[in-house]
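Down below is the structure, laid out as structure tokens.
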Amino acid sequence: MTRVRSEDPAAALGAHGTALREATNADAVGGRIPRYVATPPDTDAVSALLSAATRHGLACVARGNGTKIDWGAPPRRVDVVIDTSALRGVDHAAGDLVVRCGAGTSMATLRETLAAAGQRLSADTPVRDSTLGGLIATGLSGPRRMLHGPLRDLIIGMTTVRADGVVASSGGRVVKNVAGYDLGKLHTGALGTLGVTTSVTLRLHPVPPARRAVTVTPGDVARARELTRDVLRSHVVPAAIELDWPHGGQPGLRVLVEGAEGGIEARATEVAELLGSGVIAPEPDQGWELLPGVAGDTVIRLAVPLTDVAHAVTTLRDTADAAGVPASIRGSMGAGVLHAALPADADPRAVSGIIRGTRNAVTRGSLTVPHAATPLREEVAERGPDLLWGEVAGLGLMRAVKDRLDPDHLLSPGRFAGGI
Amino acid sequence: MSETVHALIPRLRAICGDDGVITDSAQRRTYESDGLAYHAAIPGVVVLPTSTEQVADVVRLCSENGVPFVPRGAGTGLSAGALPHSGGVLIVTSRMRRIREIDIDNECAIVEPGVANLEVTRASAPHGYYYAPDPSSQQVCSVGGNIAENSGGAHCLKYGFTVNHVLGLEIVTPSGEVVRLGGKSAEAPGYDLLGAFIGSEGTLGIATEVTVRLMRAPQRVTTVLAAFESMDAGGSAVSDIIAGGVLPAAVEMMDALAIEAAEAAVACEYPEGAAAVLIVELDGPAADVDAQFDAVTELCRHNGAFEIRTASDAAERARIWKGRKSAFAAVGRISPAYIVQDGVVPRTALGEVLHRISELSQRSGIRVANVFHAGDGNLHPLVLFDDSDPEAGERAEEVSGAILDLCIEHGGSITGEHGVGVDKVCTMPRMFGPADLETMDRFRGAFDPDGIANPEKLLPTPRLCGERPGVRKGEHPLVAEGTAELF
Ligand SMILES: Cc1cc2nc3c(=O)[nH]c(=O)nc-3n(C[C@H](O)[C@H](O)[C@H](O)COP(=O)(O)OP(=O)(O)OC[C@H]3O[C@@H](n4cnc5c(N)ncnc54)[C@H](O)[C@@H]3O)c2cc1C
């Protein structure tokens, strides 16, 4: 790498139409305040920006709407925040059930555009005001992942800028395509450590003409698991089976069915019967697809085999109760991926005790901490990121991938598993 | 046999046993190609391991000696991905075919890589479950091969590809290390190496154990066959069905020449005079399927279908599928030789591309039979020629290549399911730029720094494809780094 010392970094970063400003406290990433915030207008500008940053040895973190900017471990360094808000634009090929959009596109805008043509991205937005890029970088999927797969399954093409400014695409604009490695998979959930994604092509579905939500209060999570199994073994093909267990409340189970108008009533009735005393509503409650808790909370993710869900969830809740920390839990009983929210002001030692205690009880699958609230984050900064990820299989390969794609470790350094 | 490989034989025997190492040249020759017979090479040596440990030991031996290895499943691949290396070790999974576990409560199964795709469904069927990816070769092709090719099938329109149905893998990396990616849960922490490994065509290592997701068998399956007087009419029925919000499990189409071949081969008795036959399969909850069935038949009629047949039991369904499933082999009845092409176009470009193919055919005098997955724009044109005429072979190759050009021109892909392998390695630069390919090569290098895992497949090299003037060559940052001339 050649560093050009005579070049003024600000001038280099601000070239190619990129708007550059000094950062403020509000631009902090995991508590680290950057020097600059750069807003590039397009992929070419991102390319120029990143190659300038590399020339000057500056660490960069991409930011969408900032709703999950503190997710992951605090970066070791951040010099430049790359604001993706100008990377917008939605190119909807309705006849092909495909859309290509800029990574900075807000999920709300995308939803509106698609809905106008009777289509949707069958991945929910578990955090309000997210951008597509932010959702992809955090690898966050909502209730409908049970039927349609997680967000990564709906991504068919991606353009990403490497740390050295090289613009690389993989996949394409057609759903069926096996040419080359599917690098979009790598970037999904990578917290921006392998590149800055600028544009994404997604597979869409028609909005099903009818839907019903059937809810029940099963008493405990073990019973919720039994009911989940019964629904999965039936022929109703639910789109989602969700647990919602707010702190201080009873666990609720919600089954969503979607499909043709003609068949929906019969399917909803069958679900209601399977659940015993299920109540049928035309729509799920508002906000059912959101993460539990409120912004700023510590977020814990459980991903376990279906038969282990009840044990994992109950252990987490019991451990939290014993520590006097209120925990709200919500997520997919049908996919076995659930989130718990612990309040931001909870004692960080109690929270790390809950994390470790529950992790020990999760013998198959994983417990990770996508977001650590401020006091806990300080503990992570001190003791290293393992508290957030636990044991990660394949870490050696992951490091090798990082070294090949970002050899100087300038993209979100330290935000990811294993300190990557 | 190369010297280096020869020297490894005693150690390979110690790892795999005498019956697990094939050195005899006639026996080695039986592995010289996969389903794409015109690429052939006799492997240096063939090993038939029975366990992960044996695979890992063999790969480690290769790695220590800088000897290339090529994984092979059932050898049905259609891109010469399993083409052996004459100076290398061919690692065949045919003796790793145990189904280790069917876990219905967790909706998954754990299998060894050599298990045939259909065996997974057979083993889960008594529980009312099945394994969704269903390549036409499913009776023989291996789950490991499916992983490597990210195989699809007629039903991937609704259910997706192999990558959407795999929860976990145990892999042996090109350095001989055993790594687990994922498991019985839906996600694992860290980069999604599982997702990136699927479709990697044996270039990132060998899958030695696979955890697949099982699905509940649908309550109702209804298959509709509709006959049209023109391909355009059939095509617009497809567009209307999709635009109408129906997502069938499968939408397949055949043109007159493909129908003629199928009739000659299996007497499928499709409606007489059909210029296009459309097969639409709907599955799911009974009430849902019935509602969709009404919509689909109405749209077919509206687009001029002159005959519609419906199948609702397995026997009737088999009758409808008979012609479609036999189509590839059937063209042997109407032509001495043929090339099966595999390209993808956006569905909305189907009509236009089919016209252009027909023009190509007329201009060259080379007949093209069209059989395709219409729902997702995946074309499988069968380019027919007489192999006793060397010039015809050349012209057929040209037509086949020109069809891929059409796919690229319309924003599609050079392969929807058969993979790149050797066959399309020099076509990759027509779909991806030098920076895209160099980035993919970096990813490959993270797994295989010494380039011994299925070398010279998937990504083009100057030796294979010649130097290509890169789009941005000369000014590209990679040039400065000294890596850009790779392509
Ligand atoms: C008649 C016919 C119909 C077909 N229909 C379809 C179809 O509908 N859809 C479709 O997608 N394909 C289809 N194919 C193509 C082919 O069957 C698939 O690509 C299949 O997945 C190959 O499996 P295999 O076991 O035969 O693999 P092989 O041909 O043995 O190998 C294919 C590739 O996989 C690699 N490989 C094999 N095993 C492993 C392993 N354990 N770990 C890592 N790499 C490995 C090899 O190195 C090679 O690159 C068809 C082929 C034929 C002949």
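In the text below, chain A, chain B and the rest are named by the order of the sequence lines, each starting its count at 1. The analysis underlying the following values was restricted to heavy atoms, covering all of them including side chains, and did not include hydrogens, waters or symmetry mates.
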Counting heavy-atom pairs under 4.5 Å with chain A, which one of [options] comes out on top?
{"options": "B:His418, B:Glu107, B:Lys184, B:Glu187", "value": "B:Glu187"}
{"options": "B:Val420, B:Asn164, B:Val179", "value": "B:Asn164"}
{"options": "B:Ser200, B:Ser185, B:Ala287", "value": "B:Ser185"}
{"options": "B:Met215, B:Lys424, B:His373", "value": "B:His373"}
{"options": "B:Asn378, B:Asp294, B:Ile414", "value": "B:Asn378"}

* In plain terms, say whether B:Glu201 and B:Lys457 are close enough for a salt bridge, that is, a side-chain N and a carboxylate O under 4.0 Å apart. => no
* Pair A:Asp91 + A:Arg173, salt bridge at N-O below 4.0 Å -> yes
Sort out for me which of [options] touches chain B most, counting heavy-atom pairs under 4.5 Å.
{"options": "A:Val304, A:Leu367, A:Leu232", "value": "A:Leu232"}
{"options": "A:Thr188, A:Leu194, A:Asp182", "value": "A:Leu194"}
{"options": "A:Ala266, A:Gly189, A:Gly336, A:Ala303", "value": "A:Ala303"}
{"options": "A:Asp403, A:Asp308, A:Leu186, A:Leu97", "value": "A:Leu186"}
{"options": "A:Lys402, A:Arg233, A:Arg267", "value": "A:Arg233"}
{"options": "A:Ser366, A:Ala117, A:Gly418", "value": "A:Ser366"}

* Asked: What part of A:Tyr181 gets closer than 4.5 Å to chain B, counting heavy atoms only: side chain, backbone, both or neither?
  -> both
* Asked: For A:Thr159, is it the side chain, the backbone, both or neither that has a heavy atom under 4.5 Å from a heavy atom of chain B?
  -> neither
* To do: With sequence neighbours left out, write down each residue that passes salt bridge (charged side-chain N to carboxylate O under 4.0 Å, His left out) with A:Arg229, or none if nothing qualifies.
  => none
* Taking non-hydrogen atoms and a cut-off under 4.5 angstrom, which of residues 388-398 of chain A neighbour chain B? -> A:Trp389, A:Glu391, A:Val392, A:Ala393, A:Gly394, A:Leu397, A:Met398
* To do: Determine which residues belonging to residues 150-157 of chain A lie within contact range of chain B, meaning some heavy atom pair is under 4.5 Å apart, and list them by number or answer 'none'.
  => A:Arg152, A:Asp153
* Structure fact -> Among residues 238-248 of chain B, those lying within the under-4.5 Å heavy-atom range of chain A are B:Ile242, B:Gly245, B:Leu247
* To do: Without swapping roles, check the side chain of B:Asp288 against the backbone of A:Ala260 for a donor-acceptor pair under 3.5 Å.
  => yes
* Pair B:Val163-A:Lys185, side-chain contact (heavy atoms from CB on, under 4.5 Å): steps then yes or no -> CA-CA 10 Å; B:Val163 69; A:Lys185 297 274 186 297; 3.6 Å; yes
